[in-house]
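Before any comments, here is the structure.
Side-chain atoms are counted along with the backbone in the values below, which use heavy atoms only and exclude waters and symmetry mates. We name chains A, B, ... by the order of the sequence lines, and we start the count at 1 in each one.
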There are 2 protein chains.
Amino acid sequence: MEDYTKHVLGLQLPTDPRWVNIAEKNLEDILVDHAYCEQKAASSCISLIVRYPEKEALVDMLTPVVAEEWSHFERVVEQLRKRGLGLGPQRKDEYVIALSKTARSGGSRERQLMDQLLINALIEARSCERFKLLWKNLDDPELQKFYYELMVSEAGHYKNFIRLAKEYMPAEEVDARWKELLLQEADIIRTLEVRPDRIH
Amino acid sequence: MEDYTKHVLGLQLPTDPRWVNIAEKNLEDILVDHAYCEQKAASSCISLIVRYPEKEALVDMLTPVVAEEWSHFERVVEQLRKRGLGLGPQRKDEYVIALSKTARSGGSRERQLMDQLLINALIEARSCERFKLLWKNLDDPELQKFYYELMVSEAGHYKNFIRLAKEYMPAEEVDARWKELLLQEADIIRTLEVRPDRIH
């Protein structure tokens with residue numbers, strides 16, 4: 001796991017191993033939180049399209065990502081319904097709030113876009129790592145298959161966001177900023193409480 | 001046309017016949033505005049799901065509507081690209097702004113929801129009426145087919161929104177409010193300038 005996290009996704013700190021055990025005992029909360037993660041991913045890509053409509057590569061790459069994230073939302077709701085559970089209210093996402101604060105508001109539009117795309121990439125990478133833990137450790141074969149499929153999909157998205165950032169900013173600058181953000185993300189994960197009811 | 005508008009969609013005022021002639025001369029603006037109409041429709045259904053997650057029928061009905069509206073967004077962008085055009089910035093939507101002001105903020109959550117659903121139904125009905133004009137009058141066979149298909153789809157949505165309102169409020173109250181809103185919508189259409197570059 002640690003190898004995968006570090007070498008494939010670049011994440012600097014693996015998830016606390018206690019997380020998956022406590023998450024399994026709170027499947028309803030995890031599924032509800034997960035549904036909103038997919039909704040926020042879709043909404044965040046819509047916002048980027050509305051903010052940068054003149055950037056053709058961005059519109060063309062993110063438009064199908066919105067559709068994919070939304071189909072994941074639909075699938076998570078289906079898993080809830082199968083278990084006789086409902087969607088429940090949205091929760092405050094401390095991880096995404098903390099990560100969003102690393103975005104710099106100054107500089108060019110392109111630099112701001114780069115920060116936003118790399119933050120989206122980090123969220124996808126961390127989700128991917130957590131989905132891998134759920135795939136490997138859950139007791140429910142249907143959910144294991146489900147998290148395996150989502151893990152593969154999020155891994156694709158995370159690379160696409162980084163590639164897209166390089167369309168608008170020099171590759172070295174993107175790589176340097178990605179390294180900085182990986183360290184900041186690890187600090188955020190280290191500081192946040194390990195919660196039984198959250199994907200992040 | 002007038003019959004269709006009044007008897008099928010319930011709209012009280014048909015679109016000014018000049019609109020389609022001037023719209024045809026501003027195809028880029030119309031397509032860009034249309035793309036944002038689809039985006040706003042998708043975003044508005046996402047907002048309703050996040051605001052009323054405990055309402056199972058709402059979540060289950062609107063989740064596929066988001067996917068459908070987003071696929072329309074994708075198809076409009078494709079039509080722009082085929083013509084060598086880009087998405088361009090979002091425009092202020094005077095029609096939707098005016099219509100949104102008719103929503104009452106007081107009363108029960110369900111009454112607020114009813115107003116919101118009926119406003120969405122009105123936007124779909126008016127879009128459907130305009131798409132019909134584009135289908136019937138445009139000179140471009142591909143776009144004619146495109147607007148025919150979208151007209152059918154929006155007609156389905158408009159009925160779904162009204163049906164959904166009746167899940168949460170008494171049918172007579174929904175019907176009475178729908179009649180009021182149809183008159184208010186006609187007033188808004190009467191007051192707004194006929195714009196060559198807007199779907200509404």
Side-chain angles (χ1 to χ4, degrees), chain A residues 28-29 31-93 96 109 113 167-168, chain B residues 28-29 31-93 96 109 113 167-168:
Chain A
E28 179 169 10
D29 286 319
L31 285 170
V32 170
D33 194 56
H34 179 185
Y36 285 111
C37 288
E38 300 292 355
Q39 173 265 312
K40 278 177 286 189
S43 294
S44 146
C45 291
I46 293 177
S47 299
L48 283 169
I49 291 169
V50 173
R51 193 160 164 213
Y52 299 94
E54 79 285 4
K55 299 203 183 305
E56 199 170 313
L58 179 145
V59 173
D60 291 349
M61 201 208 91
L62 297 187
T63 298
V65 174
V66 171
E68 203 178 335
E69 303 287 8
W70 193 254
S71 79
H72 295 173
F73 173 85
E74 194 156 18
R75 291 182 63 187
V76 184
V77 171
E78 191 184 61
Q79 292 297 330
L80 280 164
R81 297 276 186 253
K82 272 192 181 175
R83 289 163 177 76
L85 306 170
L87 181 57
Q90 185 164 34
R91 296 93 195 275
K92 202 172 161 182
D93 192 331
V96 170
R109 252 169 88 71
L113 171 60
E167 291 267 341
Y168 302 109
Chain B
E28 177 169 12
D29 287 319
L31 286 170
V32 170
D33 193 56
H34 179 186
Y36 286 112
C37 289
E38 301 292 354
Q39 173 265 313
K40 278 176 286 189
S43 294
S44 148
C45 291
I46 294 176
S47 299
L48 284 168
I49 291 170
V50 173
R51 194 161 165 211
Y52 299 94
E54 78 287 3
K55 301 206 183 301
E56 200 170 312
L58 178 145
V59 173
D60 291 349
M61 200 209 94
L62 296 187
T63 298
V65 175
V66 172
E68 203 179 334
E69 302 287 9
W70 194 254
S71 79
H72 294 172
F73 173 85
E74 195 156 15
R75 291 181 63 188
V76 183
V77 171
E78 193 184 60
Q79 292 296 331
L80 279 165
R81 298 277 186 253
K82 272 192 181 174
R83 290 164 176 74
L85 306 170
L87 181 56
Q90 186 165 32
R91 295 93 195 273
K92 201 171 163 184
D93 192 331
V96 170
R109 254 169 86 70
L113 172 59
E167 291 268 338
Y168 302 110

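Note on A/Glu54, A/Lys55, A/Arg81: by heavy-atom pairs under 4.5 Å with chain B, the leading option is A/Arg81. Of the residues considered (A/Val77, A/Val66, A/Val59), A/Val66 shows the highest number of contacts with chain B, using heavy-atom pairs under 4.5 Å. Across A/Gln90, A/Glu78, A/Glu74, the residue that shares the most heavy-atom pairs under 4.5 angstrom with chain B is A/Glu74.
Using a 4.5 Å cut-off between heavy atoms, A/Tyr36 touches chain B through its side chain atoms alone. The part of A/Ser43 that comes within reach of chain B is its side chain, from C-beta onward, which places non-hydrogen atoms under 4.5 angstrom from that chain. Looking at A/Arg51, there are no atoms closer than 4.5 Å to chain B (heavy atoms on both sides), in backbone or side chain.
A distance of 13.0 Å separates CD1 in A/Ile46 from NZ in B/Lys40, rounded to the nearest 0.5 Å. Considering CD of B/Gln39 and OG1 of A/Thr63, their distance stands at 10.5 Å, rounded to 0.5 Å.
For B/Pro53 against A/Gly88, the heavy-atom pair with the smallest separation is CB-O, 3.3 Å.
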>> Between B/Phe73 and A/Ile49, is the side chain to side chain contact (heavy atoms under 4.5 Å, CB included) condition met? List the steps.
In response: CA-CA 11 Å; B/Phe73 173 85; A/Ile49 291 169; 3.8 Å; yes
